[in-house]
Protein chains: 2
Amino acid sequence: MLKEKNGDVAPIRAAVANEDGIDFTLIELFFFAYRDFTSDPDQMLADYGFGRAHHRVLHFVNRRPGLTVAELLDVLKITKQSLARVLKQLIDTGHIVQLQGPRDRRQRELYPTARGRELALALSRPQSRRIHGALMEMKGEGRKAIEQFLKAMVNPELRVQIDADPLHRMEEDRE
Amino acid sequence: MLKEKNGDVAPIRAAVANEDGIDFTLIELFFFAYRDFTSDPDQMLADYGFGRAHHRVLHFVNRRPGLTVAELLDVLKITKQSLARVLKQLIDTGHIVQLQGPRDRRQRELYPTARGRELALALSRPQSRRIHGALMEMKGEGRKAIEQFLKAMVNPELRVQIDADPLHRMEEDRE
DNA sequence: CAATTAAGTCAGCACTATTGACGTATTCTG
DNA sequence: CAGAATACGTCAATAGTGCTGACTTAATTG
């Protein structure tokens, strides 16, 4: 037995093939694609002293104005403390405003201001351009296929959040 | 003029439509898809005290055994210091070994051990299963379209890294 | 031999995220 | 109506990942 106590540290010189039928190619592409997809807004955000978290908050508040804090936490899947700082900064800089909930006054409904709307659009513009360009490089009816694929990548129990068209979403989707 | 010094903080109550032709639907889906795509390995990694960065290093060392540190930095687009901590942990735990470069002895070629190979496979298994499941939900020849799309999402100047099939990549792709 | 390069390391910092605890206002329930 | 539950905000402490800049060692290159 030539094994060390910490296990066999002999180098494996062969690259992973598609062992066990694992699709390393698409896994890797998904990583690269997302890395570059987020790089454009990340650069802009740096000018504001913001990070990626600010973008996400801004995005969903623009997508679903009137969101409550609890709903936002649910969509982002982060904790209250993680959101707190980011949200406070966006409010302090006049990108988002809070209104007391009309039915339940404990709630704070979140709305973008004109400035917040503009920033959200500016951040999304290069991302949309990148997506549009990628679709152009494909043949014909690509967009539908991509939408289907991405939606199918999301955990089934979370697909209610997806809300491809917010205008068609009813209140009952949430609980 | 009713504007405050910090700008107009009037709430915008309308959800963003596809203003300026921005495809918010796909932007949002890409976010959700990637979030869930990384959630499975993230949970496993927690058992080892590792994070997502460890996974990425492990992935590329398994994909291209013999990578040097400099090449790895170039692929990951992070700094030496960011890599240092993560790489050291993977070496200390016997997942990766370093061999002195045969031509240039300053270089350290990185190889997975059996343990490192196993962990890389284990981490990628749920991701590949998710991708495979998503492709199944689409019609017929979806995989090719998805590969095309994801590749097109990557910055053109970085596509040389992509290396869809490492066995076909020649040394000249790097500099 | 001098300059450059590959790698490792140190110190300090920023951002995002975590858990747990606690306070306050409001609403719901028995 | 009193007490429980809820929505939100905040505090303290911690972790993981990333950054910049500076420095050392060893090896290669000119």
Side-chain angles (χ1 to χ4, degrees), chain A residues 31 34-35 38-39 41-59 61 66-93 96-110 174-175, chain B residues 31 34-35 38-39 41-59 61 66-93 96-110 174-175:
Chain A
F31 162 68
Y34 195 76
R35 183 191 64 181
T38 54
S39 66
D42 280 357
Q43 273 187 276
M44 297 187 198
L45 288 158
D47 298 339
Y48 294 80
F50 291 164
R52 202 174 294 177
H54 298 81
H55 185 189
R56 292 202 284 261
V57 171
L58 210 44
H59 172 91
V61 170
L67 251 189
T68 65
V69 171
E71 288 170 334
L72 186 53
L73 289 175
D74 195 50
V75 172
L76 296 176
K77 293 266 171 292
I78 59 174
T79 59
K80 213 198 302 183
Q81 290 70 12
S82 300
L83 175 61
R85 218 171 336 147
V86 167
L87 183 55
K88 194 174 190 317
Q89 283 177 281
L90 288 169
I91 291 169
D92 290 347
T93 52
I96 289 178
V97 287
Q98 292 179 308
L99 298 186
Q100 201 172 53
R103 293 184 288 279
D104 186 336
R105 288 183 301 172
R106 290 171 303 181
Q107 295 184 332
R108 303 281 177 277
E109 294 186 342
L110 304 173
R174 309 244 191 66
E175 56 171 10
Chain B
F31 162 68
Y34 195 76
R35 182 191 65 180
T38 53
S39 67
D42 280 357
Q43 273 187 275
M44 297 187 199
L45 287 158
D47 298 338
Y48 295 81
F50 291 164
R52 205 175 292 177
H54 298 81
H55 185 187
R56 292 203 283 262
V57 170
L58 211 43
H59 172 91
V61 170
L67 253 187
T68 65
V69 171
E71 288 170 335
L72 186 52
L73 289 174
D74 195 50
V75 172
L76 296 176
K77 292 267 171 291
I78 59 174
T79 59
K80 211 198 304 183
Q81 289 70 10
S82 300
L83 176 61
R85 233 170 332 190
V86 167
L87 184 55
K88 193 174 189 318
Q89 284 177 281
L90 288 169
I91 291 168
D92 289 348
T93 51
I96 289 179
V97 287
Q98 293 179 308
L99 298 186
Q100 202 171 50
R103 291 182 290 278
D104 186 336
R105 286 182 304 170
R106 290 171 304 179
Q107 296 184 331
R108 302 281 178 276
E109 295 186 342
L110 304 173
R174 311 243 191 66
E175 53 172 7

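Letters go in sequence order (proteins before strands), and every chain restarts at 1.
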Give a yes/no answer on whether the side chain of [X] brings an N or O atom under 4.0 Å of OP1 or OP2 in [N].
X       : N      : answer
A:His54 : C:dT16 : yes
B:Thr79 : D:dC19 : yes
A:Arg56 : C:dA17 : yes
A:Gln89 : C:dC15 : no
A:Ser82 : C:dT16 : no

Check: [X] side chain, [N] base, donor-acceptor under 3.5 Å:
X        : N      : value
A:Arg106 : D:dT6  : yes
B:Lys80  : C:dG8  : yes
A:Gln81  : D:dT10 : yes
B:Arg85  : C:dG8  : no

May I have the distance from [X] (atom [atom1]) to [N] (atom [atom2]), rounded to whole angstrom?
X        : N      : atom1 : atom2 : result
A:Arg103 : D:dT6  : CZ    : C1'   : 16 Å
B:Lys88  : D:dT17 : NZ    : P     : 16 Å
A:Gln98  : C:dA25 : CD    : P     : 16 Å
B:Gln43  : C:dT18 : CD    : P     : 13 Å
B:Asp74  : C:dT5  : CG    : C1'   : 15 Å
B:Arg108 : C:dT9  : CZ    : C1'   : 14 Å
A:Leu83  : D:dC11 : CG    : P     : 15 Å
B:Leu87  : D:dG16 : CG    : P     : 17 Å

Considering residues, nucleotides and ligands other than A:Lys77, do more than 12 of their heavy atoms fall under 6.0 Å from its NZ? yes
Which residue, A:Asp104 or A:Lys77, contacts DNA chain C at a nucleotide closer to its 5' end, judged by nearest heavy atom? A:Lys77
Atom pair [atom1] ([X]) and [atom2] ([Y]), whose distance is rounded to the nearest 0.5 Å:
X        : Y        : atom1 : atom2 : value
B:Ile96  : B:Arg108 : CD1   : CZ    : 15.0 Å
A:His54  : A:Leu45  : NE2   : CG    : 8.5 Å
B:Asp104 : B:Thr68  : CG    : OG1   : 9.5 Å

Determine the contact category for B:Glu109: base if any of its heavy atoms lies under 4.0 Å from a base atom, sugar-phosphate if only primed atoms, P, OP1 or OP2 are that close, otherwise nothing. nothing
Just checking B:Arg52: base, sugar-phosphate only, or nothing, at a heavy-atom cut-off of under 4.0 Å? sugar-phosphate
Which of these nucleotides, [options], is closest to any side-chain atom of [X]?
X        : options                : value
A:Arg105 : C:dT27, C:dA7, D:dG18  : C:dT27
B:Ile78  : C:dA7, D:dC8, D:dC19   : D:dC19
A:Ala70  : C:dA7, D:dC8, D:dA7    : D:dC8
B:Ala53  : D:dT17, C:dA17, C:dT26 : D:dT17

Is any side-chain heavy atom of B:Glu109 closer than 4.5 Å to one of B:Leu67? no
Do you know the tightest heavy-atom contact between B:Thr79 and B:Leu73? O-CD2, 3.6 Å
